[in-house]
Every structure is written in C-alpha cells, then in structure tokens.
There are 2 protein chains.
Amino acid sequence: MNDTSSVPDIVISRLPSYLQTLNQMAKEGWHTVSSKVLAERVGTTAAQIRKDLSFFGGFGKQGTGYSIYHLIEQLQKILNMDRVWSAIIVGAGDLGRALARYQGFAQRGIEIAMLFDIDPKIVGTQIGSVVVRHVDTMESEIQKNNFKISIITVPAAVAQIIANRLVEAGIQAILNYAPVTLIVPGSVQLQNIDPVLQLQRTLYYLSDD
Amino acid sequence: MNDTSSVPDIVISRLPSYLQTLNQMAKEGWHTVSSKVLAERVGTTAAQIRKDLSFFGGFGKQGTGYSIYHLIEQLQKILNMDRVWSAIIVGAGDLGRALARYQGFAQRGIEIAMLFDIDPKIVGTQIGSVVVRHVDTMESEIQKNNFKISIITVPAAVAQIIANRLVEAGIQAILNYAPVTLIVPGSVQLQNIDPVLQLQRTLYYLSDD
DNA sequence: ATTGATATGTGAAAAAAGTCAAAACCGCAT
DNA sequence: ATGCGGTTTTGACTTTTTTCACATATCAAT
C-alpha cells in the first residue's frame, strides 16, 4: 500500500477519522483539545493519537493540548486536502446515481465531476449536478481534464475491464464498489467498499441466535 | 474489537476476502488451489494465508493445496455464514433505497428483511422487495423478529440517536454509513462505511497534479 | 520402490504497531 | 519569581503481526 514513504499506511488511514472528529468538535464550538479528549471521541487511545501525530511533527502545546483550528489545517495539508479534488463515477446504476447525488463528497472537498455509463437509455440524463456521459468518452475526458480519482460502481463482471481502462488512462486512485478483487498496479491506490464483506466480518462475533 | 477470543480480529477480517476470491475461482472452474495462487489473487502472501487458516486447523493437503469446495465450506462455517442472516436498514434516502435494491446481499446470504424511515411520504412505499415501515415500529419489529444486524443510512445528525435505539432494542451488529463516529458498547460490532474517509486516505499518496 | 517437484503447517525470528512513563514545557496563581 | 497542575514529547519497552524456512507429506512419473 505505501511505497517508499516513511509514514506507515496504517497511520495515514487513521488521520481522516481524526479530522472528521476535529471538524465535528470545531462545529460544536471547541477551540482546543487534549489527546485524551480527542481519543475518547474517536474511540482510540491518547497515546496512539500523539504517536500518530508525532510522525509529522509536534502540533500541540504542552499543558494546553492542540489548537483544533491549527490541527485541522495541518491534517488537511498532510492529506492533500487543502484543495478540491475532482472524481468521476463509472456506472450509473442505483448505487452510482445515489453516490452522484450524495452531498458528502462536495462538503468534504471531493467534486463529482462526471458520471459515465454504457446504457444509451441512461446516457444524457441528469443525475444531481452532472449529465451521464457514454463510457466510450471516458478515457478522453480523463486525459483532457487530468482526473486522478475514479469510483467504480459497475457490475462485478466488468469491473476489472473498467479498472484496466481507468489505469491505462492515467487514473491514480480507485474506489471500488464492485464485489470483486481487482488487480491494479502497485502505483495505483485501490480502496474496496463492499458492505457484505464488512458484515461477514461481524458475523463471526454474533451469537448463533 | 475482539474480546477474549484467541483468534485475532485482523485474521477474521481477512477471511471474507479469501472467501470471495475462492467463490470467484470456483465459478471459473477451479477445484483446487495452493496458498501461493490464492495469495496472488487476493493480493497478499502465501505465508499469511497459511498462517491465518492454521488458526482454525489444517484444511489443505501437502503437495496438493486446498480443495476449493471444502475450504469455502469451512470458511463459511467459521464466519457463521452457513445460514441466512436477516438485516434491517434504517433510513430510506437515496443510499438506503439503493442498498435495499442491491442484489449482492441476498446473493451472499444477507436478507434485507425490513426498511425503516421517519418520513410519512416514504413510509408505505415499496422498495425492492420490502415496504418502508415507520421508524416508530423499529424496536418492536427488532424484538419480535429477533433481528441482530442493522444498516444505518440516516443523516449524520440523527445517527447516534438511531444507534442508541438499535442497541437498546438488542441489535448486535451495525453497519454505519453516516459520516460520524458512533459510540456503542463494546459488545456491539460496529463497522463504518464512509467513502470520503477512504478516499481521503488515498489522497495522501496522490501526486499534486 | 524411488525420485523429484510441489505444498502444507508451524515454530522461531523479524518487523511493526502500540503502550507507557519520565522529562520537558506551558500558563496561571500566588 | 516560584511552584504547581496539566499535557505534550520522546524514546524505551511490550505486544502483536508478519515473514521466514524447514520438516513433513502427497502425487506422478519412472
């Protein structure tokens, strides 16, 4: 997952949830927070938060804690979130359309720029703020607009083919909703979202009725 | 996450993806597989697969590998997947409705039994194979039917309230799509799905244009 | 039967991740 | 100024997880 970077991927993976909680606290009117309080809200330990942050330098003030505003700013910079990223969605089925309408992307700096599908009945229709384009134009749009991020919501059977095309066209990060294990080059960031896999993981702990 | 169990949670969390790949291979006509080949398809190492499986006993045959059919059966049993589980969805917005129509649950042993919402305009309408019920009937239905699993797709502002009600009513596993950090008792399995958090995690690795 | 190629299961070593606590530091009250 | 309570830093320590490598087992071919 991580390449030559010295910061472990597992640390990076926790930062977004810190950021989410910090934003929540900022909205509630907090100005400063200790690692202990933040840990309680995030659901981790104070030591872990301090250790994670220490990879990037010391952001806190001893005896006081962390300035929430300052810490948010720093985390956004670390995560390359101090800008708006454009993403495209491939597959305008139920899920693709629901994601295209989801406000949470725009609210957190991800603009859904385009939506592609292969079905002529769907191409041309308006979903949220974008018009569905034909998937044949996908590669050229990616290159023209220099898109780096794509969300895959196509049927499992064609997900790998789409992934290959996306990678070939220059996409660097893929959020895959299709229930298959995609194979992509190591240089491409792949995140899988499969609710069934996540549920299965919990079944192990459920008492058998 | 794991309590007194001797099998680490991180091991459990990998089993569903093994199972997914094994099912894929079975469909492709394979009958047997080595840890090496499976590892390549899953995207891990042979040693890790063998070590993981060894927590539950020896399923393979030396010199030959694993019988795919047998291994699928064993993993399903380990994960309590050798039965159909019922789940409910709370929140019939875009996402909740898309999930209610998603065939992937039924195909993999999760039956979406009921769908709840608070909006009188939506209550009573048919989504997929279920009719939307009023959220006020949620607790009684959970208890009457002994539901253990719930998917939360309500707005962030009310997610914690819903979670509290679900836990109180006896729900043991929650799949949370709301972009907030929920607080639940340790005895309740919580899995969060937030596409934005997963994307943010990849941004760190993207080159700045 | 014997050999060679292949593959598992597992204990031990290595690496990674997480925890702890002493030292340093800040701001405030006295 | 000084002392004190609270909190970060930092690095040593502990625990967990992953990797390694080898003894053992199977199968097919000779």
Side-chain angles (χ1 to χ4, degrees), chain A residues 1-15 17-18 21-22 25 30-75 78 186 201 204, chain B residues 1-15 17-18 21-22 25 30-75 78 186 201 204:
Chain A
M1 186 59 69
N2 78 70
D3 286 346
T4 51
S5 160
S6 60
V7 182
D9 180 62
I10 195 166
V11 172
I12 300 298
S13 74
R14 282 191 292 259
L15 301 185
S17 68
Y18 298 168
T21 300
L22 287 167
M25 295 184 77
W30 295 62
H31 289 120
T32 188
V33 67
S34 69
S35 56
K36 186 179 162 201
V37 170
L38 182 56
E40 271 164 18
R41 304 254 318 216
V42 171
T44 179
T45 64
Q48 176 143 84
I49 286 181
R50 292 200 299 270
K51 188 89 186 207
D52 284 352
L53 295 180
S54 77
F55 278 99
F56 307 97
F59 304 132
K61 198 178 281 185
Q62 294 173 334
T64 310
Y66 300 87
S67 151
I68 289 190
Y69 173 81
H70 184 237
L71 190 50
I72 286 175
E73 198 174 51
Q74 291 302 311
L75 285 176
I78 290 166
R201 175 178 170 180
Y204 176 81
Chain B
M1 185 60 70
N2 78 70
D3 286 347
T4 51
S5 159
S6 60
V7 182
D9 180 62
I10 195 162
V11 172
I12 300 298
S13 75
R14 281 191 291 257
L15 301 185
S17 69
Y18 298 169
T21 300
L22 288 166
M25 295 183 77
W30 296 64
H31 288 119
T32 189
V33 67
S34 69
S35 56
K36 186 179 162 201
V37 170
L38 182 55
E40 272 166 17
R41 302 255 319 217
V42 171
T44 178
T45 65
Q48 178 145 83
I49 286 180
R50 291 202 302 272
K51 194 78 175 186
D52 284 353
L53 295 180
S54 76
F55 278 98
F56 307 97
F59 304 132
K61 196 179 279 183
Q62 293 175 328
T64 310
Y66 301 87
S67 151
I68 289 188
Y69 172 82
H70 182 238
L71 190 50
I72 286 175
E73 198 174 49
Q74 293 301 312
L75 286 176
I78 290 166
R201 176 178 170 181
Y204 176 81

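Residue numbers start from 1 in every chain, and the chains themselves are labelled A, B, ... in the order their sequence lines are given, proteins ahead of strands.
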B:Y204 and A:L15, any side-chain heavy atoms less than 4.5 Å apart: no

What is the distance, to the nearest angstrom, from the CZ atom on B:F55 to the C1' atom on D:dT16? 10 Å

Can you list the residues that meet the side chain to side chain contact (heavy atoms under 4.5 Å, CB included) rule with A:S67, with sequence neighbours excluded? A:Y69, A:H70

Review item, nucleotides 16-19 of chain C N/O atoms under 3.5 Å of protein N/O:
from, atom 1, to, atom 2, distance (Å)
C:dG18, OP1, A:R14, NH1, 3.2
C:dG18, OP2, A:R14, NH1, 3.2
C:dG18, OP2, A:R14, NH2, 2.8
C:dG18, OP2, A:Q48, NE2, 3.0
C:dG18, O5', A:Q48, NE2, 3.4
C:dT19, OP2, A:T45, OG1, 3.2
C:dT19, O4, A:K51, NZ, 3.1

Do the non-hydrogen side-chain atoms of B:Y66 and B:L22 ever get within less than 4.5 Å of each other? no

Nearest heavy-atom neighbours spanning B:I68 and B:V33: CG1-CG1, 3.7 Å

Please tabulate, for side-chain N and O atoms in residues 41-52 of chain B, each donor-acceptor pair with protein atoms closer than 3.5 Å (sequence neighbours left out).
from, atom 1, to, atom 2, distance (Å)
B:R41, NH1, B:E28, OE1, 3.0
B:R41, NH2, B:E28, OE2, 3.0
B:T44, OG1, B:Q48, OE1, 3.1
B:T45, OG1, B:Q48, N, 3.3
B:R50, NH1, B:S35, OG, 3.1
B:D52, OD1, B:R14, NH2, 3.0
B:D52, OD2, B:R14, NE, 2.7
B:D52, OD2, B:R14, NH2, 3.4
B:D52, OD2, B:Y18, OH, 2.6

May I ask you to decide if A:S17's main-chain N or O and A:T21's side chain share a donor-acceptor pair within less than 3.5 Å? yes

Going by side chain to side chain contact (heavy atoms under 4.5 Å, CB included), name the residues that satisfy it together with B:F55, two or more places apart in sequence or in a different chain. B:V7, B:P8, B:V11

Between the protein and nucleotides 5-7 of chain D, which nitrogen or oxygen pairs are less than 3.5 angstrom apart?
from, atom 1, to, atom 2, distance (Å)
D:dG6, N2, A:G63, N, 3.3
D:dT7, O4', A:G63, N, 3.0
D:dT7, O2, A:G63, N, 3.2

Those residues that, when tested against A:S13, pass side chain to side chain contact (heavy atoms under 4.5 Å, CB included) (two or more places apart): A:I10, B:R201

